[in-house]
Amino acid sequence: MQDEQQNAAAKATASPPERPLVVAIDGPAGAGKSTVARGLAAALGLRFLDTGAMYRAITLLAIEAGIAPSDGAALTALTESLELDFDQDGRVVVAQRCLEPAIRRGDVTGHVSEVSAHPGVRAAVVARQQEFGRRWDGLVAEGRDTTTVVFPDASHRFYLDASPAERARRRALELGVPEEVARIQAEIELRDGKDSGRKHSPLVHGAGVELVQTDGLEAGGVIEALLELVRGGGVEP
Ligand code: DC
């Protein structure tokens, strides 16, 4: 009896096991998610999970295998057969082959929205991402559905946004082609439409996800603002 009482008392006072820190960041192409998520992960001493790189990796390997981006069954089988992983520098790796920078090629970018729209592909990729969430000791994830589908219970969830013109300006500078900003803006708007309009896990600003508008802000300023929010300072960017 006394033992039971002692056990009950111990249960009542034991603090719950501490959960690893998971920060999820979503938003449209070119909102600066990747730079910000990498910087935040470094500042917090956490690993960085680039979820888009996983869809890009599947797209690259499908192109190499001659699988059409419309062939959902073949793409699902391909995805399920892969051991997608990341090296310590956050670069996507399959069978010890680092797929950076090939996954950033124009043909991969052109097909990745269609490839990532297949539900079988998404289910396998999301399961793998959640496995990283359990295996790694905390992480910062960025993508399109990390706040809503992959880690809806994340410690912190942010939606990073910027106007299409601002996102195109940044991308054009990054690529070293400032004169091509109009073409890049058209590409960004096309990809936004595909990512937001698809049936499965469309890009949405989920309920309860903190909106961070980054027009006119440098990446460093956004990282500082998110750090404040994660550490409980509550300062708006
Ligand atoms: O972030 P990115 O540009 O590397 O993403 C490439 C594509 O992958 C993007 O057009 C949509 C898709 N994607 C997705 O569907 N879900 C994610 N969590 C991340 C990316």
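These figures come from a predicted structure and were not determined experimentally. All ligand and atom numbering here is 1-based and tracks the order in the structure. By convention here, the first residue in the shown sequence is residue 1.
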Under the salt bridge (Lys or Arg N to Asp or Glu O under 4.0 Å) criterion, do R47 and D137 qualify, and how do the steps go? CA-CA 8 Å; R47 287 189 69 165; D137 194 16; over 6 Å; no
Which heavy atom of [X] sits nearest to which heavy atom of [Y], and what is that distance?
{"X": "Q213", "Y": "S163", "result": "NE2-N, 4.2 Å"}
{"X": "R191", "Y": "A29", "result": "NH2-CB, 3.6 Å"}
{"X": "D192", "Y": "P28", "result": "OD1-CB, 3.6 Å"}

Quick one: do R170 and E174 make a salt bridge, cutoff under 4.0 Å?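 Looking at E174 together with R170, the answer is no, because their closest N to O distance does not fall below 4.0 Å.
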Using a strict cut-off of less than 4.0 Å between a Lys/Arg side-chain nitrogen and an Asp/Glu carboxylate oxygen, indicate whether E187 and R171 qualify as a salt bridge.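 Here E187 does not pair with R171 in a salt bridge, since their nearest N and O are not under 4.0 Å apart.
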Give yes or no for whether the N/O distance cutoff of 3.5 Å, strictly under, is met between T146 and ligand 1.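 Between T146 and ligand 1, no N or O pair is found under 3.5 Å apart.
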Return a yes/no value for R122: is any of its N or O atoms, backbone included, closer than 3.5 angstrom to an N or O of ligand 1?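 Checking ligand 1 against R122, an N or O pair does fall under 3.5 Å apart.
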Could you tell me the separation between the CZ atom of R134 and the CG atom of L139, rounded to the nearest 0.5 Å?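 CG of L139 is found 12.0 Å from CZ of R134.
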Distance from R56 atom CZ to S116 atom OG, nearest 0.5 Å?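 The CZ atom of R56 sits 10.0 Å away from the OG atom of S116.
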To check your reading of the model: name the closest protein heavy atom to [atom], its residue, and the distance in Å.
{"atom": "atom 8 (O) of ligand 1", "result": "V112 CG2, 3.7 Å"}
{"atom": "atom 20 (C) of ligand 1", "result": "G52 CA, 3.5 Å"}
{"atom": "atom 4 (O) of ligand 1", "result": "R56 NE, 2.7 Å"}
{"atom": "atom 10 (O) of ligand 1", "result": "R191 NH1, 2.8 Å"}
{"atom": "atom 17 (C) of ligand 1", "result": "R144 N, 3.3 Å"}

Qualifying residues under side chain to side chain donor-acceptor pair (under 3.5 Å), relative to T59, sequence neighbours excluded: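 Testing T59 for side chain to side chain donor-acceptor pair (under 3.5 Å), a comparison that skips the adjacent residues, returns none.
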Can you tell which part of [X] has a heavy atom less than 4.0 Å from ligand 1: side chain, backbone, both or neither?
{"X": "D145", "answer": "both"}
{"X": "K194", "answer": "neither"}
{"X": "S116", "answer": "side chain"}
{"X": "R198", "answer": "side chain"}

Going by heavy-atom distance to atom 19 (C) of ligand 1, choose the closest among L203, I103, T51.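 When every heavy atom of L203, I103, T51 is considered, T51 comes closest to atom 19 (C) of ligand 1.
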Selection from D195, T148, V149 by shortest heavy-atom distance to atom 11 (C) of ligand 1: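 Comparing heavy atoms across D195, T148, V149, the nearest one to atom 11 (C) of ligand 1 lies in D195.
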Looking only at heavy atoms of S113, does any of them come nearer than 4.0 Å to an atom of ligand 1?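 Heavy atoms of S113 do come under 4.0 Å of ligand 1.
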Any side-chain hydrogen bond (donor to acceptor under 3.5 Å, both in side chains) involving residues 144-161? Give me the pairs, sequence neighbours left out, ordered by first then second residue.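 Found D26-T146, D26-T147, R122-D145, R144-D195.
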Taking 4.0 angstrom as the limit and counting only heavy atoms of G143, give me the atoms of ligand 1 inside it, by number and element.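 Contacts of ligand 1 toward G143, numbered from 1: 18 (N), 19 (C).
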